[in-house]
Amino acid sequence: MKILFATSNQNKIREAHALLSELGHSVEELRINGNLPDFIEPQSSDLKEVANSKLKQAISLIKDTELEDYAIMVEDSGLFIDEFPGFPGVFSSFVYDSIGLNGILTLLEKSTNRSAEYRTVTILQWKNKIWESSGVCKGTISVEKLGKEGFGYDPIFIPLQGNGSTFSQMNIKQKTLISHRTFSLKGLLDSLKLPSK
Ligand code: ITT
(Lines give C-alpha, C1' and ligand atoms only; values in the text may rest on other atoms or scores of the structure.)
Protein backbone atom coordinates (compact mmCIF):
# COMPACT_ATOMS: atom_id res chain seq x y z
CA MET A 1 0.00 0.00 0.00
CA LYS A 2 1.27 3.46 -0.84
CA ILE A 3 0.67 6.00 1.91
CA LEU A 4 1.06 9.76 1.58
CA PHE A 5 2.20 11.15 4.92
CA ALA A 6 0.98 14.72 5.38
CA THR A 7 3.48 16.38 7.69
CA SER A 8 5.85 19.32 7.69
CA ASN A 9 8.39 17.18 9.53
CA GLN A 10 10.68 15.12 7.30
CA ASN A 11 12.12 13.24 10.29
CA LYS A 12 8.68 11.71 10.83
CA ILE A 13 8.62 10.60 7.20
CA ARG A 14 12.09 9.06 7.49
CA GLU A 15 11.08 7.11 10.59
CA ALA A 16 7.76 5.96 9.12
CA HIS A 17 9.59 4.87 5.97
CA ALA A 18 12.18 2.93 8.01
CA LEU A 19 9.37 0.87 9.54
CA LEU A 20 6.80 0.61 6.75
CA SER A 21 9.29 -0.31 4.01
CA GLU A 22 10.29 -3.33 6.15
CA LEU A 23 6.62 -4.29 6.34
CA GLY A 24 6.05 -4.03 2.59
CA HIS A 25 4.38 -0.62 2.43
CA SER A 26 5.64 2.58 0.94
CA VAL A 27 5.33 5.98 2.51
CA GLU A 28 5.97 9.25 0.75
CA GLU A 29 5.70 12.83 1.79
CA LEU A 30 2.63 14.75 0.69
CA ARG A 31 3.69 17.81 -1.28
CA ILE A 32 1.34 20.39 -2.71
CA ASN A 33 2.93 22.43 -5.50
CA GLY A 34 6.30 21.22 -4.24
CA ASN A 35 5.67 22.27 -0.64
CA LEU A 36 5.16 20.23 2.50
CA PRO A 37 1.89 21.11 4.28
CA ASP A 38 2.08 23.75 6.98
CA PHE A 39 -0.74 22.91 9.37
CA ILE A 40 -2.59 25.36 11.55
CA GLU A 41 -2.78 23.55 14.90
CA PRO A 42 -6.08 24.13 16.76
CA GLN A 43 -6.19 25.20 20.41
CA SER A 44 -6.77 21.81 21.99
CA SER A 45 -5.43 19.73 24.84
CA ASP A 46 -6.00 16.51 22.94
CA LEU A 47 -3.54 14.93 20.47
CA LYS A 48 -6.43 13.14 18.73
CA GLU A 49 -8.30 16.39 18.14
CA VAL A 50 -5.16 17.99 16.73
CA ALA A 51 -4.54 14.97 14.46
CA ASN A 52 -8.14 15.13 13.23
CA SER A 53 -7.71 18.78 12.40
CA LYS A 54 -4.50 17.99 10.45
CA LEU A 55 -6.39 15.30 8.54
CA LYS A 56 -9.17 17.73 7.59
CA GLN A 57 -6.59 20.24 6.39
CA ALA A 58 -4.70 17.58 4.41
CA ILE A 59 -7.89 16.32 2.76
CA SER A 60 -8.87 19.83 1.72
CA LEU A 61 -5.38 20.31 0.22
CA ILE A 62 -5.74 17.27 -2.05
CA LYS A 63 -9.41 17.77 -2.94
CA ASP A 64 -9.93 17.70 -6.73
CA THR A 65 -6.27 16.75 -7.36
CA GLU A 66 -4.84 13.46 -8.68
CA LEU A 67 -3.77 12.66 -5.10
CA GLU A 68 -7.36 12.22 -3.96
CA ASP A 69 -7.29 8.43 -4.43
CA TYR A 70 -4.26 7.83 -2.20
CA ALA A 71 -4.28 6.82 1.45
CA ILE A 72 -3.50 9.98 3.42
CA MET A 73 -1.90 9.76 6.86
CA VAL A 74 -1.32 12.38 9.57
CA GLU A 75 -0.06 12.20 13.13
CA ASP A 76 0.22 14.37 16.18
CA SER A 77 2.86 13.66 18.79
CA GLY A 78 3.99 15.14 22.05
CA LEU A 79 6.25 14.64 25.03
CA PHE A 80 4.45 14.32 28.38
CA ILE A 81 6.53 14.92 31.53
CA ASP A 82 5.05 13.35 34.68
CA GLU A 83 6.27 16.12 36.99
CA PHE A 84 4.19 18.66 35.03
CA PRO A 85 0.98 16.86 34.00
CA GLY A 86 0.03 17.58 30.37
CA PHE A 87 3.26 19.48 29.73
CA PRO A 88 4.52 20.11 27.12
CA GLY A 89 1.98 17.67 25.57
CA VAL A 90 0.09 19.22 22.68
CA PHE A 91 2.27 22.30 23.12
CA SER A 92 5.47 20.34 22.44
CA SER A 93 6.29 22.28 19.25
CA PHE A 94 5.72 25.62 20.92
CA VAL A 95 7.74 24.70 24.01
CA TYR A 96 10.55 23.28 21.85
CA ASP A 97 10.71 26.55 19.89
CA SER A 98 10.43 28.78 22.96
CA ILE A 99 12.30 27.41 26.01
CA GLY A 100 13.89 24.52 24.09
CA LEU A 101 15.65 21.48 25.53
CA ASN A 102 17.75 23.58 27.91
CA GLY A 103 14.57 25.10 29.31
CA ILE A 104 13.13 21.65 30.01
CA LEU A 105 16.35 20.55 31.71
CA THR A 106 16.29 23.68 33.88
CA LEU A 107 12.65 23.08 34.86
CA LEU A 108 13.56 19.58 36.00
CA GLU A 109 16.82 20.55 37.72
CA LYS A 110 15.52 20.02 41.27
CA SER A 111 12.99 17.34 40.42
CA THR A 112 13.31 13.79 41.71
CA ASN A 113 10.76 12.53 39.18
CA ARG A 114 12.16 12.59 35.63
CA SER A 115 9.66 10.13 34.15
CA ALA A 116 8.09 11.07 30.84
CA GLU A 117 6.52 9.54 27.78
CA TYR A 118 6.13 10.27 24.11
CA ARG A 119 2.61 9.83 22.74
CA THR A 120 1.52 9.67 19.12
CA VAL A 121 -1.90 9.56 17.49
CA THR A 122 -1.93 8.49 13.84
CA ILE A 123 -4.94 8.76 11.53
CA LEU A 124 -5.23 7.37 8.02
CA GLN A 125 -7.99 8.09 5.52
CA TRP A 126 -8.47 5.98 2.41
CA LYS A 127 -11.47 5.69 0.15
CA ASN A 128 -13.61 7.71 2.56
CA LYS A 129 -12.83 5.41 5.49
CA ILE A 130 -10.84 6.37 8.55
CA TRP A 131 -8.48 4.33 10.74
CA GLU A 132 -6.87 5.59 13.89
CA SER A 133 -4.20 4.38 16.25
CA SER A 134 -1.99 5.56 19.09
CA GLY A 135 1.40 4.68 20.50
CA VAL A 136 3.31 5.39 23.70
CA CYS A 137 6.99 5.19 24.56
CA LYS A 138 7.81 5.49 28.24
CA GLY A 139 11.12 6.81 29.47
CA THR A 140 12.94 9.42 31.50
CA ILE A 141 14.41 12.85 30.86
CA SER A 142 18.22 12.85 30.93
CA VAL A 143 20.19 15.42 32.95
CA GLU A 144 21.97 16.70 29.84
CA LYS A 145 21.55 16.64 26.07
CA LEU A 146 23.22 13.59 24.60
CA GLY A 147 23.61 12.34 21.02
CA LYS A 148 23.26 13.69 17.51
CA GLU A 149 20.63 11.46 15.87
CA GLY A 150 16.87 11.83 15.85
CA PHE A 151 15.10 15.16 16.24
CA GLY A 152 13.03 17.29 18.60
CA TYR A 153 13.22 16.07 22.18
CA ASP A 154 15.32 12.99 21.35
CA PRO A 155 18.59 14.35 22.86
CA ILE A 156 16.96 14.41 26.34
CA PHE A 157 14.68 11.35 26.15
CA ILE A 158 15.89 7.98 27.45
CA PRO A 159 13.42 5.22 26.49
CA LEU A 160 12.80 2.57 29.16
CA GLN A 161 13.06 -0.23 26.62
CA GLY A 162 16.52 0.91 25.53
CA ASN A 163 19.99 0.50 27.01
CA GLY A 164 20.09 3.77 28.93
CA SER A 165 20.96 5.92 25.91
CA THR A 166 18.88 8.81 24.70
CA PHE A 167 17.04 8.37 21.39
CA SER A 168 19.61 10.74 19.91
CA GLN A 169 22.39 8.31 20.82
CA MET A 170 20.61 5.57 18.84
CA ASN A 171 20.49 5.15 15.10
CA ILE A 172 17.17 5.25 13.28
CA LYS A 173 16.87 1.44 13.30
CA GLN A 174 17.26 1.29 17.07
CA LYS A 175 14.74 4.08 17.63
CA THR A 176 12.32 2.47 15.20
CA LEU A 177 12.30 -0.78 17.21
CA ILE A 178 10.77 0.88 20.28
CA SER A 179 9.34 4.28 19.42
CA HIS A 180 5.85 5.68 20.03
CA ARG A 181 5.64 6.27 16.24
CA THR A 182 6.39 2.61 15.52
CA PHE A 183 3.79 1.34 18.02
CA SER A 184 1.20 3.69 16.59
CA LEU A 185 1.97 2.73 12.97
CA LYS A 186 1.93 -0.98 13.77
CA GLY A 187 -1.46 -0.57 15.46
CA LEU A 188 -2.70 1.28 12.41
CA LEU A 189 -1.57 -1.48 10.05
CA ASP A 190 -3.23 -4.09 12.28
CA SER A 191 -6.52 -2.18 12.25
CA LEU A 192 -6.34 -1.77 8.46
CA LYS A 193 -6.96 -5.49 8.26
CA LEU A 194 -10.22 -4.99 10.18
CA PRO A 195 -13.40 -3.30 8.99
CA SER A 196 -12.99 0.46 9.42
CA LYS A 197 -15.40 2.57 11.46
P1 ITT B 1 3.52 18.10 11.72
O2 ITT B 1 2.52 18.67 12.70
O3 ITT B 1 3.60 18.88 10.48
O4 ITT B 1 3.33 16.62 11.50
P5 ITT B 1 5.44 18.72 13.86
O6 ITT B 1 6.92 18.59 13.95
O7 ITT B 1 4.83 20.05 14.18
O8 ITT B 1 4.99 18.23 12.39
P9 ITT B 1 4.07 17.47 16.13
O10 ITT B 1 3.18 18.64 16.37
O11 ITT B 1 3.45 16.11 16.10
O12 ITT B 1 4.81 17.59 14.73
O13 ITT B 1 5.29 17.44 17.13
C14 ITT B 1 5.31 18.21 18.32
C15 ITT B 1 6.73 18.36 18.80
O16 ITT B 1 7.19 17.11 19.28
C17 ITT B 1 7.74 18.85 17.77
O18 ITT B 1 8.61 19.76 18.40
C19 ITT B 1 8.47 17.61 17.37
O20 ITT B 1 9.81 17.90 17.00
C21 ITT B 1 8.42 16.79 18.65
N22 ITT B 1 8.41 15.36 18.34
C23 ITT B 1 7.45 14.64 17.71
N24 ITT B 1 7.84 13.37 17.54
C25 ITT B 1 9.07 13.28 18.08
C26 ITT B 1 10.02 12.23 18.18
O27 ITT B 1 9.79 11.03 17.69
N28 ITT B 1 11.19 12.50 18.76
C29 ITT B 1 11.44 13.73 19.26
N30 ITT B 1 10.63 14.78 19.19
C31 ITT B 1 9.44 14.55 18.60
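Just follow the structure's listing: the first ligand is 1, and inside any ligand the first atom is 1.
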(request) For Ser8, counting its heavy atoms only, list the atoms of ligand 1 lying under 4.0 Å from any of them. (result) 1 (P), 3 (O), 8 (O)

(request) With atom 25 (C) of ligand 1 as the reference point, say which of Phe151, Tyr153, Phe5 has the nearest heavy atom. (result) Phe151

(message) Please confirm whether Ser93 approaches ligand 1 to less than 4.0 Å, judged on its heavy atoms.
(response) yes

(request) Below 4.0 angstrom from a heavy atom of Ser92, which ligand 1 atoms are there? Numbered from 1 as shown, please. (result) 14 (C), 15 (C), 16 (O), 18 (O)

(request) Just jot down the ligand 1 atoms closer than 4.0 angstrom to any heavy atom of Thr7, in number order. (result) 1 (P), 3 (O), 4 (O), 8 (O)

(message) Among all the protein's non-hydrogen atoms, which is closest to atom 2 (O) of ligand 1, and how far away is it?
(response) Lys54 NZ, 2.6 Å

(message) Just to confirm my output: which protein heavy-atom neighbour is closest to atom 13 (O) of ligand 1, and how far is it?
(response) Ser77 O, 3.6 Å

(message) Is the contact between Phe157 and ligand 1 made by the side chain, the backbone, both, or neither, using heavy atoms and a 4.0 Å cut-off?
(response) neither

(message) Set out, in order, the CA-CA distance, both residues' side-chain angles and the distance that settles side chain to side chain contact (heavy atoms under 4.5 Å, CB included) for Glu83 and Arg114, then state yes or no.
(response) CA-CA 7 Å; Glu83 180 81 328; Arg114 305 186 73 89; over 6 Å; no

(message) Tell me the protein heavy atom at minimum distance from atom 10 (O) of ligand 1, and give that distance in Å.
(response) Glu41 OE2, 3.1 Å

(message) Suppose I only count heavy atoms of Lys175 and a 4.0 Å limit; which atoms of ligand 1 are within that range?
(response) 26 (C), 27 (O), 28 (N)

(message) If you apply the rule side-chain hydrogen bond (donor to acceptor under 3.5 Å, both in side chains), what do you find for Ser165 with Asn163, and how did you get there?
(response) CA-CA 6 Å; Ser165 310; Asn163 59 2; 2.7 Å; yes

(request) For Asn9, take its heavy atoms, then give the atoms of ligand 1 lying under 4.0 Å from any of them. (result) 6 (O), 8 (O)

(message) Starting from atom 28 (N) of ligand 1, what is the nearest protein heavy atom, named by residue and atom, and what distance separates them?
(response) Asp154 OD1, 2.8 Å

(request) Look at the aromatic rings of Trp131 and Trp126 and report parallel, tilted or perpendicular, splitting at 30° and 60°. (result) tilted

(message) Please identify which of these residues, Asp82, Ile81, Leu108, meets the side-chain contact (heavy atoms from CB on, under 4.5 Å) condition with Asn113.
(response) Asp82

(message) Can you name the atoms of ligand 1, numbered from 1 with element, that are less than 4.0 Å from a heavy atom of Arg181?
(response) 23 (C), 24 (N), 25 (C), 26 (C), 27 (O)

(request) Consider every N or O of Tyr96 and every N or O of ligand 1, then say whether any pair is closer than 3.5 Å. (result) no

(request) Can you spot which of Arg181, Lys54, Lys48, Arg119 makes a salt bridge (charged side-chain N to carboxylate O under 4.0 Å, His left out) with Glu75? (result) Arg181

(message) Applying the ring pair (Phe, Tyr, Trp, His ring centres under 6.0 Å) criterion to Tyr96, which one of Tyr153, Phe151, Phe91 satisfies it?
(response) Tyr153

(request) Walk me through it: do Ser184 and Thr122 pass the test side-chain hydrogen bond (donor to acceptor under 3.5 Å, both in side chains)? (result) CA-CA 6 Å; Ser184 192; Thr122 312; 2.7 Å; yes

(message) Which label fits Tyr118 and Phe157: parallel for a plane angle under 30°, tilted from 30 to 60°, or perpendicular past 60°?
(response) tilted

(request) Just jot down the ligand 1 atoms closer than 4.0 angstrom to any heavy atom of Asp76, in number order. (result) 9 (P), 10 (O), 11 (O)

(message) Surrounding CG of Asn35 (heavy atoms of other residues, nucleotides or ligands, distance under 6.0 Å), is the total greater than 12?
(response) yes

(request) For the pair Ser26 and Glu28, evaluate side-chain hydrogen bond (donor to acceptor under 3.5 Å, both in side chains) and give the outcome as yes or no after the intermediate values. (result) CA-CA 7 Å; Ser26 81; Glu28 286 179 19; 4.8 Å; no

(message) Which residue and atom name correspond to the protein heavy atom nearest atom 5 (P) of ligand 1, and how close is it?
(response) Lys12 NZ, 3.9 Å

